[in-house]
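Notes follow once the structure below has been shown.
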Protein chains: 2
Amino acid sequence: MATIKDVAALSGVSVSTVSIILNGKAKDRKISVETQDKIMEAIKALNYRPSVSAKKLRSPNAKEYTIALYWASDFRTNYLARLISGFQSEISNYQYPINIVICPYRSGSLFLEKGLQSDHTFNAAIIANTSISDMEYLNNNLPKIPTVLYNRYSEQYNTVTIDNFEVGRKAAMLLINKGIKDNIGLVHFKAPYLAMTLRSQGFIDTCIKHSIQFSDENVINTEGSIQGGVLAAEIFLKRKHLPKAIFCDSDSLAQGLLHVFNKKNIKIPEDSQIIAVGLGSPEASQYSTPPLTVVEIPLEKMAAECLRLIINVLEHRTDTSFHVNYESKLIIRDSCS
Amino acid sequence: MATIKDVAALSGVSVSTVSIILNGKAKDRKISVETQDKIMEAIKALNYRPSVSAKKLRSPNAKEYTIALYWASDFRTNYLARLISGFQSEISNYQYPINIVICPYRSGSLFLEKGLQSDHTFNAAIIANTSISDMEYLNNNLPKIPTVLYNRYSEQYNTVTIDNFEVGRKAAMLLINKGIKDNIGLVHFKAPYLAMTLRSQGFIDTCIKHSIQFSDENVINTEGSIQGGVLAAEIFLKRKHLPKAIFCDSDSLAQGLLHVFNKKNIKIPEDSQIIAVGLGSPEASQYSTPPLTVVEIPLEKMAAECLRLIINVLEHRTDTSFHVNYESKLIIRDSCS
DNA sequence: CTGTTAGCGCCTTCAC
DNA sequence: GTGAAGGCGCTAACAG
């Protein structure tokens, strides 16, 4: 990048002259129009852009933190919206600016992200939805900046989590307590994410533990979108018997099921009950047709906590690493009641 | 904020010693443990935090832009998610990092945002969902950094817009072409946002122009959430005659109507047709019960365009200010077909 | 083992 | 009208 010095050299004046013009004080200092034009030309020719770092360094520096949120770009921006809400509410508690920078990364390629390995980009980082290989990378390459993991656990990191296995277990227990004994369906997004696998595992293990039939035929891997739920529903409809109850690893998937079942006049919950993990907008689950029973994940609170804790680290209020665990909450609505 | 110099002074060593320790090179340089402890203590005592600006300034500076997105915090984070998607896809076209910082602001209080009036915070800004008073402020106080307005028009700014009036007109024309002649409802979020007002206005004016009855009783102001739509639906249900068609100024509102109408076994579109402005997840409208007819706003494309254009400005590829206008798109689905 | 110093890009004060 | 110099916080030689 060209500097003010380059501009000065090219236009044959001194740096201070350039600086004066850049700051719109040309009139005050009575700089000749020719000089100004010369300098403007040089600026364009060199594609000069002022360095915010240099400016910030010089200015009486107010306190300010810039915190990166690493977000796998194949994850639903719906969930991201909930984290941002959480950050917003936490940020309002502070007197100084806290900048959240959204850093999308390709799942499995977190190692490409230079920001984590440099200490001149962000003050701290919050890392969300890492895949198993991303976790492996992180465990072998500690970032240069303070870091919290969002909904992932590692001894070596600060973490804010929920018990994902328990999420699946809660869903299974609801069905079990309702006396359902067989023909249970499971829809999930097949991907290398531990959190998801744990939820499904919690569901399956709990079913099996209570000697509930669980046929592989009723486990459907699909995309993590409403469309994915639509596809899953169509597969279920081709079977002889619709599952009596279906666990969806996200509410997006469940919305897809609801759509298809409603269209085909399949009654929910009479013909098939639906329960989902609450990751998207809680309002959307609450007001779907019919309202969706969910194991709600407190994404906003977790995000706010991540931010609060990482700021504590930045301010030297925390010495050791922390591991905070949140509770998921079963919300029973008409889709499974 | 304390500096490395303060730390050095307090612990009675030189700045370089502190720097060595901060960068984890204590072992290499064989700094005594006592010195290290002394320094660590001083760091905590002074609550010292390294300045990223100073570090960045010193390091061989790769090109990088930090762009602020000003987003009114009372707006739905759903819509925000779509902008972020748009940014993501655009960012992937560049070889250097483009950091998007989400700056939430209180609607009507954009003037409090110091980042716009300083040039040592962000390289550029994208400003979204300004209220009428925010626009007034902006027109009288040009920011110090290159700026684009998102879905707002002003001569003095770069702008990326849609024709909001036309959005309402399109919705009205659909109903008119279907031969609906009276008892039309309108649900919107009453707030000082020009874009919304324009959409409603476009709808109302078009109805009136085609000599369609339009009673004020059928215009409902509510919150801009699904809950708001639920409330609106309940108000409609208390009337003698349900509107034959209802225009919702956002799909969130429409989801609330769908929920209530479905529950009360009111048939859509037979008993009442629903048409909405598509601001939330397009997938959610597509797969609701019934699928929702929307005038879809290309939020992602507009966001990507904002970013592309503002980078052109930063790179001196654009000289004059620009005004780009996007087309909304009527998508007819079962709720009004 | 630790200290001194130059310089990253920029702006401001002072001098010419 | 314009230039020279100092310093913002930090690191990396280079000196001891």
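Since we're looking at a predicted model, the values are computed, not measured. In what follows, chains are A, B, ... by sequence order, proteins preceding strands, each numbered from 1.
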Chain B footprint on DNA chain C, 5' to 3' - any atom under 4.0 Å from a heavy atom: C:dC1 to C:dG9

Those residues that, when tested against B:Lys55, pass salt bridge (Lys or Arg N to Asp or Glu O under 4.0 Å) (two or more places apart): A:Asp119

Any residue meeting side-chain hydrogen bond (donor to acceptor under 3.5 Å, both in side chains) with B:Ser154, in chain and number order, not counting sequence neighbours: B:Asn139

Footprint string (nucleotides 9-16 of chain D, 5' to 3'): B base within contact, S backbone only, - free, heavy atoms under 4.0 Å: BBBB-B--

Consecutive-pair stems (3 or more, Watson-Crick or G-U, under 3.5 Å) for DNA chain C: C:1-16 with D:1-16

Contacts of A:Tyr70 that satisfy ring-ring contact (aromatic ring centres under 6.0 Å, His included) - sequence neighbours left out: none

With A:Arg317 via salt bridge (Lys or Arg N to Asp or Glu O under 4.0 Å) - residues at least two apart: A:Glu315

B:Asn325 versus B:Thr161, side-chain donor and acceptor atoms under 3.5 Å: yes

List, one per line, each side-chain donor-acceptor pair under 3.5 Å for residues 104-111 of chain A, sequence neighbours excluded.
| residue | atom | partner | partner atom | Å |
| --- | --- | --- | --- | --- |
| A:Tyr105 | OH | A:Ala128 | O | 2.7 |
| A:Tyr105 | OH | A:Asn129 | O | 3.0 |
| A:Tyr105 | OH | A:Thr130 | N | 3.4 |
| A:Arg106 | NH2 | A:Ser109 | OG | 3.1 |
| A:Ser107 | OG | A:Tyr193 | OH | 2.6 |

Pairing residues for A:Glu305 by the salt bridge (Lys or Arg N to Asp or Glu O under 4.0 Å) criterion, not counting sequence neighbours: A:Arg308

Partner residues of A:Lys38 under the salt bridge (Lys or Arg N to Asp or Glu O under 4.0 Å) criterion, sequence neighbours left out: none

For residues 39-50 of chain A, dump all side-chain donor-acceptor pairs below 3.5 Å to protein atoms at least two apart in sequence or in another chain.
| residue | atom | partner | partner atom | Å |
| --- | --- | --- | --- | --- |
| A:Lys44 | NZ | B:Asp319 | OD1 | 3.4 |
| A:Arg49 | NE | B:Leu314 | O | 3.1 |

Could you pull out all donor-acceptor pairs under 3.5 Å where a side-chain atom in residues 4-11 of chain A meets a protein atom, sequence neighbours excluded?
| residue | atom | partner | partner atom | Å |
| --- | --- | --- | --- | --- |
| A:Asp6 | OD2 | A:Thr3 | N | 2.8 |
| A:Ser11 | OG | A:Val7 | O | 2.5 |

